[in-house]
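Just so we're on the same page: letters track the sequence lines, and every chain starts at 1. Just so you know, these numbers use all the heavy atoms, side chains as well, and skip hydrogens, waters and symmetry mates.
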Protein chains: 2
Amino acid sequence: MDTGQTNVHRQNGVALWRQIADRIRASIANGDYDATGKVPPEFTLAAQFGVNRHTVRSALAALAQEGIVRSVQGRGTLIERKERLNFPITRRTRFSEGIGDQAREKEGLLLHSAREPASVDLSTRLRIPEGAQVIRLETLRKADRRPVSRSTTWFPADRFGGIEEAYSKSGSITVAFRMLGLSDYLRVSTEVTATHADGADLADLQLSPGAIILVARALNTDTEGVPIQYAVSRFPADMVQFTIEN
Amino acid sequence: MDTGQTNVHRQNGVALWRQIADRIRASIANGDYDATGKVPPEFTLAAQFGVNRHTVRSALAALAQEGIVRSVQGRGTLIERKERLNFPITRRTRFSEGIGDQAREKEGLLLHSAREPASVDLSTRLRIPEGAQVIRLETLRKADRRPVSRSTTWFPADRFGGIEEAYSKSGSITVAFRMLGLSDYLRVSTEVTATHADGADLADLQLSPGAIILVARALNTDTEGVPIQYAVSRFPADMVQFTIEN
DNA sequence: TATGGTTGTCTATATCAATAGACATTTAGG
DNA sequence: CCTAAATGTCTATTGATATAGACAACCATA
């Protein structure tokens, strides 16, 4: 829709090759090169961005490192991977159902769990007394073997004791809830922001530095409206989009 | 909530001073330094990020350039501006009402308007024949004199002829619709993504390079469910968050 | 098999980014 | 009014970033 015919900016703390890598990555995700399945020749890109060919090569090398493109001498630079998962945010938002058939293989990994007293902020959101025990789960979700989200999620400990194991076994919050006798729940609010990926994101989500992540802070309640879960999830912005249907 | 005690990354195409500037900007928006109204001393920050003091100074200079902090010799580095507007996304989302009393002064500027044939994508979304005339408005919205969004928005030309003037005079889509006889409308879907700001964003939204923008693609219909407007809006991610209430 | 288009590699040079250390200047507070 | 705690300024050095040009290696195809 928007052609983005803007040129690249110098001396701003972001190296030219990285700016160009980001632009090319976005163009690939946007489907701009679908006709050929290839990125335009280095020479062409260099002219387009107004930089030296070597600078473009640095950008393509970075994308190759990410596994997004693969350069073949004599042929060109082929697009290896191209994806943007869509996450609907509705009153009945569930991670695994949300992906639907956009991915064949879905996985939920429990990285870490802990019990701790609720902070002021958290106790307000979950409507529990300040300092009350909560269970915190650190989880990583994958679709087709690629990490798509890194979540920190809290549950009131008195009501959901044992959810660590339930999640660990099932890899699904929905199923874990069901194992603990909660058959249904609702998403009441979601806050969405965006930020640069930090070190933990880079490692867990297998991103390259400078990457952008979408941050969703979500509150779920049971059907009575009692808060049962607060979650902060981080998604790679170039792989994911949110859709809100009203 | 998340302390972000992660260290900064080298040789990744993003200069250390910019990474640090981004982190400090986020911390300010997050209210981490509210107790003192000042950023920690350069010496402390340098130790915290594991870099030289001069590198921190470059970061602070960039933030000073943006008008976010102001350094005073002998006193410290004072926080000048701190904000994150909240935009609720609901079935009745309206820009100016959404801001509510988060800003005293609200403004909508018409930068440019044009008539053009609808693209395939657009005609599908607005449910009009491909190539049918649409009116495109390029608008800039401000709150308290600071730009908070840059939108491109399309309307079916046959139904909303004259909306250019109506918007130009009122500075509000809601009011412009009303002037054309449409008293109510609904938000049916919103897609949210995030990306790096491009050149146009930097200029229009007065951002510094490397900044992140939230992109919302929205479809509005009248009360009968007939599409009336499709809009792509771009918000500075460090100034704005979206909230979805279900 | 010859050719044009493309990526791969090499050398050289200029500028920016980051570190290091020393010292000056300003402010707030005892 | 002195001192501690800040920020401001200067010089020097190293490595990363970007440009420039030339040529080699490879692939598809006419």
>> Which nucleotide wins on minimum distance to the side chain of Q73(B), given the candidates dT19(D), dT26(C), dA18(C)?
In response: dT26(C)
>> Which residues in residues 54-63 of chain A have a heavy atom closer than 4.0 Å to any atom of DNA chain D?
In response: H54(A), T55(A)
> Can you tell me how far P of dA18(D) sits from CD1 of I20(A), to the nearest Å?
Replying inline: 8 Å
> Atom CG of L16(A) to atom P of dT15(C): distance rounded to whole Å?
Replying inline: 16 Å
> So which pairs with a foot in residues 49-62 of chain A pass salt bridge (charged side-chain N to carboxylate O under 4.0 Å, His left out), sequence neighbours left out?
Replying inline: E42(A)-R53(A), E42(A)-R57(A)
> What's the closest nucleotide to the P41(A) side chain, out of dT7(D), dA18(C), dT6(C)?
Replying inline: dT6(C)
> Is there side-chain contact between R75(B) and K38(B), with at least one heavy-atom pair below 4.5 Å?
Replying inline: no
> Sequence neighbours excluded, which residues qualify as side-chain hydrogen bond (donor to acceptor under 3.5 Å, both in side chains) partners of E130(B)?
Replying inline: none
> What nucleotide, of dT19(C), dT7(C), dT17(D), holds the atom closest to the side chain of A15(A)?
Replying inline: dT17(D)
> Could you state the CZ-C1' distance from R18(B) to dA17(C), rounded to the nearest angstrom?
Replying inline: 13 Å
>> Whether the side chain of R53(B) and the base of dG8(D) hold a donor-acceptor pair under 3.5 Å is what I'd like checked.
In response: yes
> Between dT26(C) atom P and E42(B) atom CD, what is the distance in whole Å?
Replying inline: 16 Å
> Among T77(B), T44(B), L45(B), V39(B), whose side-chain contact (heavy atoms from CB on, under 4.5 Å) with V56(B) holds?
Replying inline: L45(B)
>> Less than 4.0 angstrom between a side-chain N/O of R75(A) and OP1 or OP2 of dT6(C), yes or no?
In response: no
>> Could you work out, with ring pair (Phe, Tyr, Trp, His ring centres under 6.0 Å) as the rule, every residue matching F242(B), not counting sequence neighbours?
In response: F235(B)
> Which residues satisfy the side-chain hydrogen bond (donor to acceptor under 3.5 Å, both in side chains) test with T190(B), sequence neighbours excluded?
Replying inline: R187(B)
> Rounding to a whole Å, what distance do you find between R70(A):CZ and dT6(C):P?
Replying inline: 17 Å
> Quantified as the angle between the terminal helix axes (five pairs each), what is the overall bend of the helix from dT1(C)-dA30(D) to dG30(C)-dC1(D) to 10 degrees?
Replying inline: 30°
>> Nearest whole Å is fine: how far is dC26(D) P from L78(A) CG?
In response: 17 Å
> What's the CG-P distance between N52(A) and dA12(C), to the nearest Å?
Replying inline: 17 Å
> Does some side-chain heavy atom of I20(A) sit less than 4.5 Å from a side-chain heavy atom of T55(A)?
Replying inline: yes
> To the nearest angstrom, how far is W17(A) atom CH2 from dA17(C) atom C1'?
Replying inline: 14 Å
> Would you say the side chain of V69(B) lies within less than 4.5 Å of the side chain of I28(B), judging by non-hydrogen atoms?
Replying inline: yes
> Are any side-chain N or O atoms of K142(A) and backbone N or O atoms of L109(A), one a donor and one an acceptor, separated by less than 3.5 Å?
Replying inline: no
